[in-house]
Asks: 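Shown below is the structure under consideration.
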There are 2 protein chains.
Amino acid sequence: MSEQDEIPRAAATPRGRRKREAILAAGLKVFMAEGYAASMDRVAAGAGVAKQTLYSHFGSKEGLLRAVSDRFKHDTLRGLDPAGDLGAELLAFGDHMMRKLFDPETLGIQRLMIAQADAFPDLARIVYAAGPGRVREALVEFMRSKVEQGELRPVDPDEAAEDFVALLQGGRRQRYLFGIERAPDAGEIRRMAQRAVAVFRRAYTVS
Amino acid sequence: MSEQDEIPRAAATPRGRRKREAILAAGLKVFMAEGYAASMDRVAAGAGVAKQTLYSHFGSKEGLLRAVSDRFKHDTLRGLDPAGDLGAELLAFGDHMMRKLFDPETLGIQRLMIAQADAFPDLARIVYAAGPGRVREALVEFMRSKVEQGELRPVDPDEAAEDFVALLQGGRRQRYLFGIERAPDAGEIRRMAQRAVAVFRRAYTVS
DNA sequence: GTCTATATAAAGATAGAC
DNA sequence: GTCTATCTTTATATAGAC
């Protein structure tokens with residue numbers, strides 16, 4: 001009923017909270033870099049903390065992973081204005097979304113969760129829902145409005161949202177996951193978003 | 001100059017070759033299921049072989065991973081006929097591609113390579129090139145022909161190929177990677193391919 | 001709650017017999 | 001070339017002092 005209850009609560013004091021934060025940050029960083037196979041020793045070293053402190057706070061390696069994943073639940077996302085211009089809204093949203101999706105931190109946590117999807121399905125769900133899932137959700141409502149307003153053909157808003165996200169990411173993101181291409185810079189992202197909007201409009205607006 | 005040269009060659013005798021095959025099969029299976037963190041003991045047990053035999057053939061854990069990955073280099077892919085009907089060719093190709101991409105074995109090896117992309121960039125490259133990379137390559141030439149024939153608008157064939165693949169996979173494949181949705185069955189794949197072709201034609205054919 | 005030091009198990013890799 | 005038995009290192013997790 002109080003603020004938050006982790007399994008073992010070791011964050012009552014201010015110093016405890018600082019250590020806890022340091023561990024979480026180090027845990028994210030180390031897991032992202034080396035995967036879940038990374039050792040607890042490394043996490044402790046990264047946080048500048050004794051290994052036992054780490055166990056006091058999170059109980060086990062799995063507990064730490066869960067705490068790290070939970071952080072992503074609270075990520076927020078730019079909204080869409082159903083009254084705004086179709087192309088402009090999609091462009092701004094697409095641009096914002098791509099920046100998130102190609103962020104190195106997003107890459108790291110998603111690689112981690114994809115690798116551990118069988119071992120920790122619930123965590124994979126959390127990370128997906130906080131990232132691509134949230135993106136899709138936000139788009140569906142917008143598409144529905146635009147269909148009702150007659151700007152888009154009378155299509156399933158779900159499919160329209162799905163296709164727009166697909167066009168945005170293109171193959172580039174897949175290659176980014178595989179480490180084959182680096183992340184696009186701001187200019188490239190802009191151009192990718194513009195292209196996606198153009199293709200989407202051709203396919204989906206009334207002609 | 002002979003057939004094949006692995007680092008340590010232990011496959012001279014027929015029995016040796018059988019063991020080698022068994023190890024490769026078990027290696028793929030175990031790595032796919034548990035990731036690269038899986039133990040060599042498990043691989044040996046899966047192959048019904050002593051651990052030392054495994055080391056005789058592949059030298060190290062990394063050596064085994066490389067041998068397992070190399071297998072995927074030889075995967076083949078359905079071709080496209082530039083003289084064929086645009087929609088029919090894309091549909092057949094898309095259908096075939098999706099069956100491969102949603103195959104559990106493809107899922108396993110790709111998850112593995114995404115997770116190990118930083119540790120073994122060359123292997124990630126191999127697996128990507130054998131899967132999505134090959135798909136894209138095959139499509140680019142087809143798109144170029146169709147642009148020259150005037151069936152498609154005068155666009156960059158590379159971008160057209162990229163977009164078609166993106167539309168095909170949609171968000172479904174991403175969710176599949178995260179373990180959130182199961183693989184689509186034959187009927188669903190068919191419908192997904194049909195939808196992708198329809199959207200692609202709207203966006204890319206001359207009107 | 002945090003540290004140092006340690007228990008215990010499991011990993012990758014090898015020695016030596018056949 | 002393949003097995004059994006073993007070496008060595010490193011992992012997760014814990015005991016006990018402050």
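By convention in this document, chain letters (A, B, ...) are assigned in the order of the sequence lines, proteins followed by strands, and residues within each chain are numbered from 1.
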Asks: Nearest whole angstrom, please: distance from the C1' of D:dC3 to the NE2 of B:His57.
Replies: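 Between C1' of D:dC3 and NE2 of B:His57: 13 Å.
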
Asks: Are the side chains of B:Pro184 and B:Met98 in contact, using a 4.5 Å heavy-atom criterion?
Replies: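 The answer is no; the side chains never approach within 4.5 Å.
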
Asks: Can you tell me if A:Thr13 touches the phosphate of C:dG1, counting only side-chain N or O atoms and a distance under 4.0 Å to OP1 or OP2?
Replies: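 For C:dG1, OP1/OP2 do not have a side-chain N/O of A:Thr13 under 4.0 Å.
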
Asks: Test B:Gln110 against every option in B:Leu107, B:Thr106, B:Leu112 by the side-chain contact (heavy atoms from CB on, under 4.5 Å) rule and name the one that passes.
Replies: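 Among B:Leu107, B:Thr106, B:Leu112, the one that satisfies the side-chain contact (heavy atoms from CB on, under 4.5 Å) with B:Gln110 is B:Thr106.
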
Asks: Starting at atom CG of B:Leu54, determine the distance to atom C1' of D:dT2, rounded to an integer number of angstrom.
Replies: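 Value for this atom pair: 12 Å.
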
Asks: Does the pair B:Arg134/B:Asp75 count as a salt bridge with the N-to-O cut at 4.0 Å?
Replies: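 Here B:Arg134 does not pair with B:Asp75 in a salt bridge, since their nearest N and O are not under 4.0 Å apart.
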
Asks: Please work out which residues in residues 27-39 of chain A have a non-hydrogen atom less than 4.0 Å from an atom of DNA chain D and list them by number.
Replies: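 The stretch gives A:Ala38, A:Ser39 as the residues lying under 4.0 Å from the strand, ordered by number.
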
Asks: Quick one: B:Phe58 CZ to D:dT2 P, roughly how many Å, whole number?
Replies: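 In whole Å, D:dT2 P and B:Phe58 CZ are 11 Å from each other.
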
Asks: OP1 or OP2 of C:dT2 sitting under 4.0 Å from any side-chain N/O of A:Ser56?
Replies: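 For C:dT2, neither OP1 nor OP2 has a side-chain N or O of A:Ser56 closer than 4.0 Å.
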
Asks: Ring-plane angle category for A:Phe102 and A:Tyr176, please: parallel below 30°, perpendicular beyond 60°, tilted otherwise.
Replies: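 The arrangement is tilted - the two ring planes meet at 30° to 60°.
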
Asks: Nearest whole Å is fine: how far is D:dT2 C1' from B:Arg17 CZ?
Replies: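 To the nearest whole Å, that distance equals 16 Å.
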
Asks: Output one line per pair: protein atom, nucleotide atom from nucleotides 13-16 of chain D, and distance, for all N/O pairs under 3.5 Å.
Replies:
unit_1	atom_1	unit_2	atom_2	d
D:dA13	OP2	A:Tyr55	OH	3.0
D:dA13	OP2	A:Lys61	N	3.1
D:dA13	N6	A:Lys51	NZ	2.8
D:dT14	O4	A:Gln52	OE1	3.3
D:dA15	N6	A:Gln52	OE1	3.4

Asks: With a 4.5 Å cut-off on side-chain heavy atoms, are B:Leu152 and B:Met143 touching?
Replies: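 In short, these two side chains touch, coming nearer than 4.5 Å.
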
Asks: In Å, rounded to the nearest 0.5 Å, how long is the span from CZ of B:Phe93 to CG of B:Leu168?
Replies: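 Between atom CZ of B:Phe93 and atom CG of B:Leu168 there are 8.5 Å.
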
Asks: By nearest atom, which of the nucleotides D:dT4, C:dC3, D:dT2 is closest to the B:Lys19 side chain?
Replies: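 Closest nucleotide to the B:Lys19 side chain: D:dT2.
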
Asks: Partners of B:Glu188 by side chain to side chain donor-acceptor pair (under 3.5 Å), sequence neighbours excluded?
Replies: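 So B:Glu188 forms a side chain to side chain donor-acceptor pair (under 3.5 Å) with B:Arg182.
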
Asks: Between A:Phe31 and A:Tyr36, how do the two ring planes meet: parallel, tilted or perpendicular, split at 30° and 60°?
Replies: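 Tilted, since the angle between the ring planes falls between 30° and 60°.
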
